[in-house]
Every structure is written in C-alpha cells, then in structure tokens.
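First comes the structure, then the notes that go with it.
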Amino acid sequence: VQLQASGGGLVQAEDSLRLSCARPGRSVSSVVMGWFRQAPGKEREIVVGISWSGGSIYYADSVKGRFTITRDNAKNTVYLQMNSLKPEDTAVYYCAAKKYWMSTYSYEYDYWGQGTQVTVSS
C-alpha cells in the first residue's frame, strides 16, 4: 500500500479535524503530495498540494486561510489540518502522490490513498 489516509469523521460547523496520509517505507519529501476531495455528485477537486521540496504549496481558494498542509519527513506522513470547517467541506478526502512537478489535476497523480470521509453538520 503506497498511501494510507486517516482522520476523517463527523463534526459540526466551525470544528477542526486533522487528516493524516502515511507513506509507509517511502519518503513524502521525494514526491509531490496532494489532498483531493470528492463530494457526492461532484468531480474530484484538489484541496492542497505540496511540492517534493516543500517550497511550493497550492491551496484551493475555498480552503485558503482555513486548511494547512504540513509534513513530517521522519514519519513519512503528510497532515491536513482543517479548521473552521463548513458543511460544504463535506466530502471523501483522498491523499495522492506523484513524481516531479506540482499539479492540480487528479489524473496526473499516480498513487492514491483509500479515502476518508469528512462530514460537517450545520
């Protein structure tokens, strides 16, 4: 298994959650890592991406100022801290990895975690 996502749950609006994406036995600093989400009836969309160097981070406009991606290279894990959650953040969240360059397109990512459900009630 390349990627293991966890941390989803049911929360109320304005609550926080932290998602984790582990890459067992493989470095998270040698690949581009991304978090995507897919709500029912909608296409999968990027939430945040971080370059392999960590020097470039992309946040979707809808999550800027509320979500933060961090990386623990020693644990081969990437985290998505989600604050001030809104009902519209409800979706299945996926972590993904690709080589080389940052991308906001899901089809360019080679490896995917299993998805973790985030449900935000109003």
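Because the structure is a prediction, the values reported are computed rather than measured. Excluded from the calculations below are hydrogen atoms, water molecules and symmetry mates; all remaining heavy atoms, backbone and side chain alike, are included. All residue numbers in this chain count up from 1 along the given sequence.
Stacking of Arg44 on the aromatic ring of Tyr94 is recorded, both the 6.0 Å distance cut-off and the 45° axial limit being met.
In terms of heavy-atom proximity, Val11 sits nearest to Leu85 at CG2-CD1, 3.7 Å. Shown here for Ser29 and Asn73, the closest heavy-atom pair between the two residues is CB-OD1, 3.5 Å. The two residues Ala13 and Ser122 come nearest to each other via the heavy atoms CB-CA, 4.4 Å. The heavy-atom pair separating Gln2 from Pro24 by the smallest distance is O-CD, 3.7 Å. Residue Val63 comes nearest to Arg37 through the heavy atom pair CG1-NH1, 4.0 Å, listed as atom of the first residue, atom of the second, then distance. Heavy-atom minimum distance, Val28 versus Asp72: CG2-O, 4.3 Å.
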Query raised in the report: Should Leu3 and Arg26 be marked as a side chain to side chain contact (heavy atoms under 4.5 Å, CB included) after you check the CA-CA gap, both sets of side-chain angles, and the distance that decides it?
Result: CA-CA 9 Å; Leu3 299 172; Arg26 297 172 184 263; over 6 Å; no

Requested in this report: Show your working on side chain to side chain contact (heavy atoms under 4.5 Å, CB included) between Gln4 and Cys21 and close with a plain yes or no.
Outcome: CA-CA 5 Å; Gln4 296 175 345; Cys21 178; over 6 Å; no

Report task. Evaluate the criterion side chain to side chain contact (heavy atoms under 4.5 Å, CB included) for residue pair Ile69 and Ile57; output intermediate values, then yes/no. Result -> CA-CA 8 Å; Ile69 190 169; Ile57 299 177; 3.7 Å; yes

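Here Asp110 contributes atom CG and Lys98 contributes atom NZ; the two are 7.0 Å apart, rounded to the nearest 0.5 Å. One finds the CG atom of Leu19 at 3.5 Å from the CE atom of Met82 (value rounded to the nearest 0.5 Å). Residue Met102 holds its CE atom at 5.0 Å from OG of Ser51, rounded to the nearest 0.5 Å.
At a threshold of 4.5 Å between side-chain heavy atoms, the hydrophobic network of Ile, Leu, Val, Met, Phe, Trp and Tyr places Ile46 and Met33 in two separate groups. Note on Val32 and Tyr93: separate hydrophobic clusters, where clusters join Ile, Leu, Val, Met, Phe, Trp and Tyr whose side-chain heavy atoms are under 4.5 Å apart, directly or indirectly. There is no path of hydrophobic side-chain contacts, each under 4.5 Å, that joins Leu10 to Leu17. Two different hydrophobic clusters hold Tyr79 and Val118 under the rule that ILVMFWY side chains link at heavy-atom gaps under 4.5 Å.
Counting only residues at least two apart or in different chains, ring-ring contact (aromatic ring centres under 6.0 Å, His included) contacts with residues 103-122 comprise Phe36-Tyr109, Phe36-Trp112, Tyr105-Tyr107. Residue pairs satisfying the side chain to side chain donor-acceptor pair (under 3.5 Å) criterion with at least one member in residues 12-21, sequence neighbours excluded, are listed as follows: Ser16-Asn83. Residue pairs meeting the ring-ring contact (aromatic ring centres under 6.0 Å, His included) criterion with at least one member in residues 44-71: none, sequence neighbours excluded. Sorted by first and then second residue, the disulfide (SG to SG under 2.5 Å) pairs involving residues 35-70 (not counting sequence neighbours) form an empty list.
Judged by distance alone, with hydrogens and angles left aside, the side-chain atoms of Arg66 form a donor-acceptor pair with the main-chain N or O of Ser62 at under 3.5 Å. Although no hydrogens or angles enter the test, the distance criterion places no donor-acceptor pair under 3.5 Å between the side chain of Thr116 and the main chain of Ser6. A side-chain donor-acceptor contact under 3.5 Å links Gln114 to the backbone of Ala5. Side-chain N or O atoms of Thr77 include one that pairs as donor or acceptor with a backbone N or O of Lys75 at under 3.5 Å.
The salt bridge (Lys or Arg N to Asp or Glu O under 4.0 Å) check on Lys42 picks up nothing, with sequence neighbours excluded.
Membership of the apolar cluster around Trp101 extends to Tyr100, as traced through chained side-chain contacts below 4.5 Å between ILVMFWY residues.
By the 4.0 Å N-to-carboxylate-O rule, Asp61 lies close enough to Lys64 to be salt-bridged with it.
Judged by distance alone, the side chains of Glu108 and Ser106 never bring a donor and an acceptor atom under 3.5 Å apart.
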